[in-house]
Amino acid sequence: MSNIISVRRRRLILGVGASAGSLLLGGCDRLSNLPLTQSALSSAQWLTRAAQRTLVSRDALAPQFTRADIAPVFRANGTTDPNNPEYQALAKNGFRDWRLRVDGLVERSRQFSLDDIRSMPAQTQITRHDCVEGWSCIGQWTGPLLRDILAQVVPKPQARYVMFFCADPMDNGSDYYYESIDMRTAAHPQTLLAYALNGETLPVTYGAPLRLRLGRQLGYKMAKYVMHIQLVSSYKPFGQGNGGYWEDQGYTWYAGI
Ligand SMILES: Nc1nc2c(c(=O)[nH]1)N[C@H]1C(S)=C(S)[C@@H](COP(=O)(O)O)O[C@H]1N2
Ligand SMILES: [Mo]
């Protein structure tokens with residue numbers, strides 16, 4: 001085993017969080033808009049993937065923490081108030097008219113109201129959020145497992161990815177934040193759609209009314225302000241074809257931690 005891998009292993013064991021390479025890359029806060037050097041990025045990605053293959057199974061559970069570990073103020077990042085009049089109108093009305101559309105390669109497309117989602121069996125987990133910028137934050141999240149929502153729409157066998165389309169417009173106003181995960185991550189027992197943070201209704205800052213939470217991937221994968229979920233066979237047709245807003249700026253698609 002090379003030195004590099006053993007450094008990576010120590011980081012994982014110590015729970016330092018963001019991957020070794022990511023610390024070199026600067027922020028994922030779009031306002032900072034740092035230029036990414038493609039070569040530094042791809043070598044870091046190679047390292048991350050190789051280390052993951054060696055050290056951890058993608059299906060392993062992320063550590064859970066206790067109430068005492070919860071950060072007094074959860075750190076916010078990226079969009080904190082979508083610049084979208086339709087979204088703002090929904091927020092003003094307590095999201096009573098918000099509907100989550102779930103469609104694509106499914107047997108039974110459907111729309112869920114917030115009450116529909118709140119009436120499903122929910123999971124509460126205290127997990128650590130790791131941002132590619134190098135900071136981490138522990139919070140308690142509550143919501144149904146994504147796999148329970150998908151069970152209601154019945155994915156077709158051709159479905160390979162779950163796309164998340166968000167309410168916040170990015171940069172020039174024509175593109176919205178979006179993300180994607182594969183069916184294996186969608187089925188993970190810590191993949192949930194959260195409507196509460198630390199026991200309170202999810203505030204707009206953190207992605208109201210519903211945001212994705214993953215146990216084993218970096219913060220940018222966890223779409224806030226989710227409006228529409230679509231099951232697809234490929235993420236290539238969306239955005240610039242890399243599977244998500246930050247992936248289109250050069251970040252890795254599988255952002256494992
Ligand atoms: N819709 C949307 N989702 C998003 C982002 C965003 O800007 N818009 N930022 C991502 C990034 S980079 C991080 S670290 C987390 C931040 O979540 P938080 O504000 O709850 O800390 O949300 C992710 N999901
Ligand atoms: Mo992030």
Side-chain angles (χ1 to χ4, degrees), residues 17-19 21-34 36 41 44 48 70-84 86-88 90-91 95 98 100 125-143 146 162-173 175-181 185 191-198 200-229 238-239 242-257:
S19 71
S22 70
L23 297 174
L24 306 171
L25 297 177
C28 62
D29 183 338
R30 69 195 158 104
L31 297 175
S32 65
N33 226 353
L34 293 171
L36 296 173
L41 193 63
T48 305
I70 293 174
V73 179
F74 199 82
R75 185 159 167 179
N77 204 24
T79 304
T80 51
D81 191 9
N83 179 20
N84 172 344
E86 275 169 56
Y87 173 87
Q88 283 164 4
L90 292 169
F95 296 104
W98 172 90
L100 175 69
Q125 61 183 31
I126 301 176
T127 46
R128 195 186 59 217
H129 178 109
D130 294 330
C131 175
V132 70
E133 290 173 346
W135 56 268
S136 299
C137 209
I138 294 174
Q140 183 196 59
W141 301 93
T142 303
L146 178 60
V162 184
M163 308 291 309
F164 300 86
F165 298 104
C166 307
D168 47 329
M170 304 302 284
D171 300 331
N172 60 16
D175 278 332
Y176 291 81
Y177 199 95
Y178 77 104
E179 257 305 335
S180 61
I181 59 175
T185 293
T191 296
L192 51 87
L193 288 170
Y195 52 73
L197 169 61
N198 299 338
E200 308 281 342
T201 301
L202 187 65
V204 166
T205 311
Y206 306 103
L210 200 66
R211 68 95 50 91
L212 181 62
R213 287 291 311 169
L214 307 174
R216 301 296 311 283
Q217 294 199 52
L218 290 172
Y220 64 85
K221 297 297 293 185
M222 300 188 223
K224 312 202 280 191
Y225 317 112
V226 177
M227 304 296 284
H228 176 198
I229 291 177
F238 303 97
N242 301 297
Y245 174 77
W246 280 109
E247 288 87 335
D248 285 339
Q249 326 297 312
Y251 281 16
T252 182
W253 179 80
Y254 184 74
I257 50 174

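Just follow the structure's listing: the first ligand is 1, and inside any ligand the first atom is 1.
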K.L.:
Is the shortest N/O to N/O distance between Met222 and ligand 1 below 3.5 Å?
P.N.:
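Indeed, backbone or side chain, Met222 has an N or O that close.
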
K.L.:
What are the atoms of ligand 1, with element, lying closer than 4.0 Å to any heavy atom of Asp168?
P.N.:
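With Asp168 as reference, the close atoms of ligand 1 come out as 1 (N), 2 (C), 6 (C), 7 (O), 8 (N).
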
K.L.:
Going by the atom numbers of ligand 1, which of them fall below 4.0 Å from some non-hydrogen atom of Cys166?
P.N.:
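Once the distances to Cys166 are compared, the set is 1 (N).
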
K.L.:
Considering the heavy atoms of Cys131, write down every atom of ligand 1 situated less than 4.0 Å from one of them.
P.N.:
14 (S)

K.L.:
Would Trp246 count as a polar contact of ligand 1, with the cut-off being nitrogen or oxygen pairs under 3.5 Å?
P.N.:
no

K.L.:
Work out which heavy atom in Tyr225 is nearest to a heavy atom in Thr205; give both atom names and the distance.
P.N.:
OH-O, 3.5 Å

K.L.:
How long is the gap from CG on Asp168 to CG on Asp81, to the nearest 0.5 Å?
P.N.:
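Those atoms lie 10.0 Å apart.
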
K.L.:
Considering distance alone, does some N or O of Tyr206 sit under 3.5 Å from an N or O of ligand 1?
P.N.:
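Among all N and O atoms of Tyr206, none is under 3.5 Å from an N or O of ligand 1.
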
K.L.:
Quick check: are there more than 12 heavy atoms from other residues, nucleotides or ligands sitting under 6.0 Å from CD of Gln88?
P.N.:
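Buried by this count: over 12 neighbours within 6.0 Å.
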
K.L.:
Find all atoms of ligand 1 within a distance of less than 4.0 Å from any non-hydrogen atom belonging to Tyr225, and give their numbers and elements.
P.N.:
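It comes down to these atoms of ligand 1: 1 (N).
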
K.L.:
Run the numbers for me: atoms of ligand 1, each under 4.0 Å from some heavy atom of Arg75, listed by number.
P.N.:
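Those atoms are 18 (P), 21 (O).
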
K.L.:
Does a salt bridge link Glu179 with Lys224, judged by any charged N lying under 4.0 Å from a carboxylate O?
P.N.:
no

K.L.:
Could you check which of Tyr176, Tyr220, Tyr245 puts a non-hydrogen atom nearest to atom 11 (C) of ligand 1?
P.N.:
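That would be Tyr220.
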
K.L.:
Going by the order shown, which atoms of ligand 1 are within less than 4.0 Å of some heavy atom of Phe74?
P.N.:
20 (O), 21 (O)

K.L.:
Below 6.0 angstrom between ring centroids: does that apply to Tyr206 and Trp141?
P.N.:
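Centroid distance Tyr206-Trp141: not below 6.0 Å, so no.
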
K.L.:
If we only count N/O pairs under 3.5 Å, is Thr79 in contact with ligand 1?
P.N.:
yes

K.L.:
For Arg211 and ligand 1, answer yes if some heavy atom of the residue is under 4.0 Å from a ligand atom, otherwise no.
P.N.:
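Distance cut 4.0 Å: Arg211 passes for ligand 1.
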
K.L.:
Should the proximity of Ala76 to ligand 1, defined as any heavy atom under 4.0 Å, be assigned to the side chain, the backbone, both, or neither?
P.N.:
both

K.L.:
Using a strict cut-off of 4.0 Å, indicate which atoms of ligand 1 neighbour a heavy atom of Gly78.
P.N.:
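So the atoms of ligand 1 that pass are 7 (O).
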
